[in-house]
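Note that this is a predicted model, so its numbers are computed, not measured.
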Amino acid sequence: MPSRSFLRMALILGLISAIGPFAIDMYLPALPDIGRALNAPVGAVQMSLTAFFVAIGLGQLLYGPVSDMVGRKPPLYFGLGLFALASVGCALASQIETLVALRFLQGLGAAAGMAIPRAVVRDLHTGTDAARLMSLLMLVFSVSPILAPLAGSAVIALSGWRAVFWAVGLAALAGLVMVYATLAETRTREQRLESSLGGALRAYGVLLRDAHYLGLVGIGSAALAGFFVFLAGSPFVLINHYGLTPTQYSLAFSVNAVAFIGASQFTSHLGRRFGLVPMVKVASTASAAFNALLLGYYLLGGDQLPVLIALNFIASAFMGLVIPTVSVLALEKHGPIAGTASALMGTLQMLVGAVAMGVVGAFANGAPLPMVAGMAAGSLTSFALMGLTLRARRRNRRPAPT
């Protein structure tokens, strides 16, 4: 694929993928305001975030096989339309229970934009080319954690937290237009004829019996779980505990996205030079080490915001090398069922993240330690799974015949 077309495809897929995360990151600065407006405790407000993650995870189980059967574009139309309608409902919600339910529907819509772009990448490329396109997609996708909180803070300051949902609803409508006008179908009619509901169920069975696939998905899921814990806890820790304004919080939060984005752009270069697997090993080890160092700092009584930001910045940078790379490796040998494989990957990532947020949320007290402990647990679990998965692969590899 020519470089210009390569970049164009990354931009399109990245923007589609970012619509759902934008609905997360843009309203993060408003979480304390939502709690006050709806007279809801911290745990209930965080449940609106957890519900979104559960829905975006479960929804991908449906969108993946459907995209294998009917093509990549029709499920995107449905998902983005559902997302837009649910966003209107969120903007009008007057009770926290209503908001949580509508956030679940919003997540079901957003699931299409999470599962299908990865399948499109696999439709087009494998190996380091896929890693390059995936990293470029992540570049666009990761702009969300930088711009969304800042945009959310501006919208909240001007019009209140409800305007955030009107804004993301308009973004979903823009995504619908973009899919219709600019995205070519990458699942051919011949390939669709080979897919069916029964085939999808069999494909899930194949994937669930593939220990190497599950191990790679687990590496990325555990790493993302640590980030999701930070995502859910950081508004309360940084705003309420450290006293940042919503705008200052948005800037502090975006630092991690800058680290993730910058590092992810080296995946193709480092993969070509050292190999994708060695790169994952080094990056996973380093991310776990810095998160463990951060946890040790707080366990010993430290409580300085610059330390939290600095160590999390480094850990996030190494995580930016891990997540897109293990996604490529997991899909590598499952091209014929790429939509289903991508869907199961996304589901496991979101559900693991939702469980992590729920567990850490049960211990949340506004102080940094529970959040930091959850971040470290995710990173260390990812490291352990990396060791088991990639070591097993090396042990099972047979020497080439002479």
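- Taking Ala163 as the reference, Val155, Ser159 meet the side chain to side chain contact (heavy atoms under 4.5 Å, CB included) condition, with sequence neighbours excluded.
- Considering all non-hydrogen atoms of both residues, Phe52 and Ala110 come closest at CZ-CB, 3.8 Å.
- To the nearest 0.5 Å, the span separating CG on Leu49 from CE on Met357 amounts to 4.5 Å.
- By the 4.5 Å heavy-atom criterion applied to side chains, Met345 and Leu214 are not counted as neighbours.
- Within the model, atoms CZ of Arg272 and CG of Leu270 stand 11.5 Å from one another, a figure rounded to the nearest 0.5 Å.
- The side-chain heavy atoms of Ile16 and Ile116, taken from C-beta on, include no pair separated by under 4.5 Å.
- Under the 3.5 Å distance criterion, the side-chain polar atoms of Tyr297 are left unmatched by any main-chain donor or acceptor of Leu311.
- Considering Ile323, Leu329, Val328 in turn, Leu329 is the only one that fulfils the side chain to side chain contact (heavy atoms under 4.5 Å, CB included) rule with Thr325.
- For the side chain to side chain donor-acceptor pair (under 3.5 Å) test, residues two or more places apart in sequence or in another chain that qualify with Arg36 are Asp33.
- Lys281 places no side-chain N or O within 3.5 Å of a backbone atom of Met386 that could act as its donor or acceptor partner.
- Side-chain N or O atoms of Ser287 include none that pairs as donor or acceptor with a backbone N or O of Phe318 at under 3.5 Å.
- Here the side chains of Val179 and Leu176 are not in contact, with every heavy-atom distance at 4.5 Å or above.
- Here the closest non-hydrogen pair linking Ala112 and Leu76 is O-CD2, 3.6 Å.
- Checked against side chain to side chain donor-acceptor pair (under 3.5 Å), Asp303 has the following partners two or more places apart in sequence or in another chain: His241, Tyr242.
- Every side chain to side chain donor-acceptor pair (under 3.5 Å) that Ser48 has, sequence neighbours left out, goes to Tyr27.
- Proximity of a side-chain donor or acceptor of Arg162 to a complementary backbone N or O of Ala91 within less than 3.5 Å is detected.
- Remark: side-chain polar atoms of Ser67 are not paired, donor with acceptor, to backbone N or O of Arg72 under 3.5 angstrom.
- Screening residues 304-315 for side chain to side chain donor-acceptor pair (under 3.5 Å) gives Asn256-Asn312 as the qualifying pairs, with residues at least two apart or on separate chains.
- Applying the side chain to side chain donor-acceptor pair (under 3.5 Å) test to residues at least two apart or on different chains, the pairs with a partner in residues 86-95 are Ser87-Gln106.
- In this structure, CD in Gln349 is found 11.0 Å from CZ in Phe53, a value given to the nearest 0.5 Å.
- Taking all atoms of both residues into account, the shortest heavy-atom contact from Ile19 to Gly175 is CD1-CA, 4.0 Å.
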Distance-only check: which donor-acceptor pairs under 3.5 Å involve side-chain atoms of residues 216-237, not counting sequence neighbours?
from	atom 1	to	atom 2	distance (Å)
Ser221	OG	Val217	O	2.7
Ser234	OG	Phe230	O	2.8
Ser234	OG	Tyr249	OH	2.8

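- Remark: Pro278 pairs with no residue by the side chain to side chain contact (heavy atoms under 4.5 Å, CB included) rule, at least two apart or across chains.
- Residues satisfying the side chain to side chain contact (heavy atoms under 4.5 Å, CB included) criterion with Val359, sequence neighbours excluded, are Val355, Phe363.
- Looking at Val45 and Leu38, their side chains never come closer than 4.5 Å, going by heavy atoms from C-beta outward.
- Scanning all heavy atoms of the two residues, the minimum distance from Ala315 to Asn291 falls at CB-ND2, 3.6 Å.
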Using residues 54-62 as the side-chain source, report each donor-acceptor pair under 3.5 Å to any protein atom, sequence neighbours left out, with the distance given to one decimal.
from	atom 1	to	atom 2	distance (Å)
Gln60	OE1	Arg118	NH2	3.1
Gln60	NE2	Ile56	O	2.9
Gln60	NE2	Gly346	O	3.4

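- Here Thr381 pairs with nothing under the side chain to side chain donor-acceptor pair (under 3.5 Å) rule; sequence neighbours left out.
- Rounded to the nearest 0.5 angstrom, Leu294 CG and Ile314 CD1 are separated by 10.5 Å.
- For the residue pair Leu276 and Gly271, the shortest heavy atom distance occurs at CD2-CA, 3.7 Å.
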Output side-chain donor-acceptor pairs under 3.5 Å for residues 78-86, partner residues at least two apart or in another chain, one line each.
none

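- Across every non-hydrogen atom of Gln248 and Gly243, the tightest pair is OE1-O, 4.3 Å.
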